[in-house]
Amino acid sequence: MSMTSAAIRQAFLDFFAGKGHAVVPSSSLIPGNDATLLFTNAGMVQFKDVFLGQDQRSYSRAVSAQRCVRAGGKHNDLENVGYTARHHTFFEMLGNFSFGDYFKQDAIRYAWEFLTEVVKLPRERLLVTVYATDDEAFAIWQNDIGVPADRIIRIGDNKGAPYASDNFWAMGDTGPCGPCTEIFYDHGDHIWGGPPGSAEEDGDRFIEIWNIVFMQFNRLASGEMQPLPKPSVDTGMGLERIAAILQHVHSNYEIDTFVALIKAAAAATGATDLTDKSLRVVADHIRSCAFLIVDGVMPSNEGRGYVLRRIIRRAVRHGNKLGAKGAFFYKLVAALAAEMGDAYPELRAKQAIIEKALQQEEEQFGKTLERGLQILDEELSGLAGTEVPGTLVFKLYDTYGFPVDLTNDVARERGLSIDQAGFDAAMAEQRKRAQQASNFGLDYNQQLTSAVQTGFTGYTEHFGNARVQEIIKDGQQVSHLAAGETGLVILDSTPFYAESGGQIGDTGSFKLQNGAVSAVLDTQKIAKAFAHKVEASSELKVGDQVEATIDLARRNAIRKNHSATHLLHAALRKVLGEHVTQKGSLVGPERLRFDFSHFEAVKPAELQQLEQMVNEQIQLNLPLLTRVMPIEAAKAAGAMALFGEKYDDEVRVLSMGEFSIELCGGTHVERTGDIGFFKIVSEGGIASGVRRIEAVSGPAAIQYLQQLDLQISQAASLLKGDAFSLAERVQQTLDRSKQLEKEIEQLKAKLASYAGASLTANVQQVGEVKVLVQQLEQTDPKALRTLLDELKNKLGSSVVLLATVNDDKVSLIAGVSSDLTAKVHAGQLVGWAAGQLGGKGGGRPDMAQAGGTDVAALPNVLNAALAYITERL
């Protein structure tokens with residue numbers, strides 16, 4: 001039978017819903033509260049804590065169609081995309097899950113039923129694999145399902161390490177894992193390839209379509225396999241792969257979704273050959289780029305944003321190879337929304353913001369290429385030898401985003417080659433640095449954990465009696481803290497707010513039964529426990545009763561800022577547009593910080609409008625209402641979720657009239673009037689497409705205005721004016737300063753001209769050529785260019801090398817008349833001289849500049865330079 005991709009997705013969800021599975025929406029491509037992963041790369045990621053027993057759901061069976069990206073970290077398919085039939089940066093994983101409910105028998109039975117009875121794949125075309133020692137799974141396939149033994153293949157540890165098998169699945173180096181059984185489809189003997197485990201397994205005849213993981217263990221960094229509390233099931237079937245089979249095509253790029261995107265890419269680039277692999281790359285990359293932007297990632301120079309930037313630039317490069325003129329990539333968003341917008345409505349809702357982000361990045365990359373070509377041209381003009389150093393190739397690639405293949409093309413046009421080995425070494429060193437600096441490789445089990453579920457009373461109470469449940473010191477659970485020691489203390493209940501949702505943790509004190517008072521320096525979350533960082537003033541033991549009291553003045557300042565943050569978020573969306581989404585925040589007692597998506601600086605008039613809108617809501621003295629409701633009901637009511645937060649099924653909804661409705665577990669004022677006053681302190685960009693506003697509220701805002709008023713008064717007094725004439729006075733001063741600078745430059749030029757006239761007496765004749773090598777005293781380096789031009793005009797056929805010393809640095813400039821550049825290259829001359837002085841530089845054949853630091857060596861270098869020039873003439 002033939003089915004569209006959309007129909008397959010829906011049939012899968014419907015089938016498992018009929019088997020008692022809760023249909024769970026795809027989670028974000030940004031794993032919630034998980035520092036071990038760069039992107040969501042499998043359907044089970046959103047259920048990882050459920051498998052570990054650290055999270056409870058209202059269901060024990062689930063089914064999902066999860067969007068995934070594999071373009072960074074351990075699972076990285078980027079370089080293969082477009083050149084194989086089945087590699088993608090973005091794909092959809094259809095999966096069904098059991099959390100301590102059914103296990104191997106039902107998981108296998110459900111998969112077989114869906115494949116053979118729902119989508120009606122021929123049984124004789126299917127074969128399966130099991131982990132070598134998994135006799136139970138083998139028996140189920142043979143005895144219960146009826147698969148012949150010769151079509152059940154055992155796969156062992158064939159990668160040189162225990163559990164390093166294609167049939168032993170793990171999320172990462174640590175964490176949930178277990179043996180798996182895989183189902184393969186046989187495309188027929190007309191396609192080369194052998195069954196899994198054979199010498200020809202890399203062929204395309206037998207294709208894996210479904211992987212059923214029996215989640216039994218938690219792997220520690222030591223290699224120890226800890227049994228999970230409840231054996232579970234995690235399955236995954238790539239939508240693109242099963243669609244290729246059901247649509248009777250061999251390559252994923254021939255399925256309905258990709259056919260439409262490839263046609264759109266051809267139209268946007270002017271390509272006519274629909275089989276061109278570059279079209280595949282572009283069609284694949286628009287999916288990953290669009291969905292990453294939907295989920296809050298913006299192009300940048302680090303982390304997830306850097307991976308997105310790489311994918312965009314790879315797509316643009318392939319579009320250029322296809323003949324694209326100008327920006328084209330963003331035009332494919334409409335075609336993608338048409339194909340996948342029904343399943344993922346957020347594509348249509350955010351289509352404009354995706355297009356703008358891609359267009360801006362593409363245009364910026366065009367400027368980057370232009371700048372890279374200029375730099376490459378300058379560097380090659382001063383190159384000694386016929387090979388472009390690998391360090392230069394890497395610098396262009398890493399700093400300016402200049403593709404290596406383009407560097408190679410330019411070099412080849414000039415009869416040069418590139419040092420590929422040197423480039424590869426520099427890349428390897430960069431990867432090593434990136435791995436060392438990255439947070440996306442943490443041992444999942446090294447993250448602190450606790451079984452305690454602390455009751456939070458801080459919405460209504462500021463102090464309370466509680467009992468110590470756990471103490472953690474230096475990452476290990478201990479029975480007590482001695483006087484003077486610092487550790488994390490977990491209580492059964494607490495009024496202290498633990499840092500979350502941008503709001504920093506509370507501070508305060510614990511009063512022990514003996515009357516001793518210990519300081520609480522911070523409060524953080526560990527799973528569902530609230531961990532208080534305590535500096536013990538006397539011995540503190542597990543089981544002790546304490547009176548926990550928060551610093552109320554500090555909490556009041558924090559909650560003013562937190563409530564003001566919500567008002568600011570709502571105001572931003574009203575003033576700038578609905579595309580504004582929160583990208584992060586920090587709410588402390590002194591000020592608030594709010595990061596948001598926007599593509600240009602917020603204009604002064606817009607900042608004024610934001611302030612006015614927020615203060616209007618404060619003056620209305622609106623009550624803050626909180627309701628606890630199911631998360632889907634909250635979203636239906638228009639509540640906005642915080643960036644990067646993972647929510648329970650029941651959520652807390654905070655509303656301030658109809659102006660602001662958000663999901664939030666933080667602490668807030670009772671009425672907006674309690675905020676007092678709101679003032680924006682600064683606005684600026686922190687990444688491509690991401691802006692940051694910092695602001696103050698309450699007494700801090702009044703204090704800020706008072707300090708600002710004092711500074712303005714002092715500045716006005718210095719300029720002999722008052723606060724209201726300050727701008728006029730400053731402008732007058734700037735105009736006068738510019739005039740004086742202009743006069744100074746004119747005087748410097750005259751001085752240089754006089755110096756040039758006097759320097760002609762030092763010219764030496766080498767054959768028919770005039771040569772001047774001279775150190776200048778008290779000469780501004782900026783004036784060297786003017787002086788050089790005057791000397792070349794006066795001398796005619798000549799070679800000039802000038803040097804001056806300022807602030808213990810040597811500045812060099814060389815000029816060669818056009819009739820002599822074949823003999824003496826200015827860039828090579830100045831590069832040679834700079835090299836003797838501990839510096840570097842280069843430039844064109846007729847003019848070049850450089851610098852050095854070895855001032856003492858300058859006289860000898862200038863003497864040697866005369867000989868250097870003479871030899872070449």
Side-chain angles (χ1 to χ4, degrees), residues 374-375 377-384 744-873:
Q374 292 175 349
I375 294 168
D377 185 63
E378 292 172 4
E379 295 282 0
L380 293 185
S381 66
L383 182 68
I744 290 171
E745 290 301 317
Q746 291 173 344
L747 289 172
K748 284 181 178 179
K750 289 182 180 179
L751 286 173
S753 178
Y754 294 149
S758 64
L759 285 174
T760 55
N762 298 327
V763 171
Q764 300 186 43
Q765 196 79 23
V766 179
E768 299 297 321
V769 179
K770 296 181 177 64
V771 177
L772 176 61
V773 178
Q774 186 70 41
Q775 178 178 349
L776 307 176
E777 301 296 333
Q778 297 180 339
T779 301
D780 188 340
K782 295 179 181 178
L784 288 177
R785 179 70 179 270
T786 302
L787 180 55
L788 178 71
D789 290 342
E790 290 199 5
L791 286 169
K792 286 174 66 179
N793 288 334
K794 287 183 179 180
L795 298 177
S797 181
S798 59
V799 178
V800 178
L801 177 64
L802 304 177
T804 188
V805 177
N806 290 85
D807 299 326
D808 294 326
K809 293 181 181 178
V810 179
S811 297
L812 298 166
I813 190 168
V816 180
S817 55
S818 57
D819 61 316
L820 299 175
T821 53
K823 295 180 179 180
V824 181
H825 188 292
Q828 294 176 2
L829 168 60
V830 83
W832 168 85
Q836 311 300 307
L837 297 168
K840 58 182 179 179
R844 304 195 310 265
D846 61 327
M847 195 285 292
Q849 290 181 278
T853 56
D854 191 350
V855 177
L858 182 58
N860 292 334
V861 171
L862 293 180
N863 288 333
L866 183 59
Y868 176 98
I869 296 167
T870 302
E871 286 176 9
R872 284 156 178 76
L873 293 175

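This is a predicted model, so every value here is computed, not measured. The figures that follow rest on heavy atoms only: side chains count, while hydrogens, waters and symmetry mates do not.
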Can you tell if the side chain of V763 reaches within under 4.5 Å of the side chain of L791, non-hydrogen atoms only?
no
Close side-chain approach of V773 and V800, heavy atoms under 4.5 Å:
no
Quick check: do L837 and L858 have side-chain heavy atoms less than 4.5 Å from each other?
yes
We want to know whether T821 and D846 form a side-chain donor-acceptor pair, criterion being a heavy-atom distance below 3.5 angstrom.
no
NZ/NE/NH1/NH2 to OD/OE distance under 4.0 Å, K809 and D807:
no
Side-chain contact, heavy-atom cut-off 4.5 Å: Q775 with L862?
yes
Is the shortest heavy-atom distance from the side chain of S811 to the side chain of L784 under 4.5 Å?
yes
Do I813 and M847 have side chains that approach each other closer than 4.5 Å (heavy atoms only, starting at C-beta)?
yes
Any heavy-atom pair between the side chains of V861 and V810 that's under 4.5 Å?
no
Hey, could you give me the CD1/NZ distance between I869 and K823, rounded to the nearest 0.5 Å?
13.5 Å
Sub-4.5 Å side-chain heavy-atom contact between Q765 and K770:
yes
Take atom CG of N762 as the centre, draw a 6.0 Å sphere, and report whether it contains more than 12 heavy atoms from other residues, nucleotides or ligands.
yes
For V769, is there any backbone N or O sitting under 3.5 Å from a side-chain donor or acceptor partner on S797?
no
Point-to-point distance, once rounded to the nearest 0.5 Å, from NZ of K792 to CG of L772:
13.0 Å
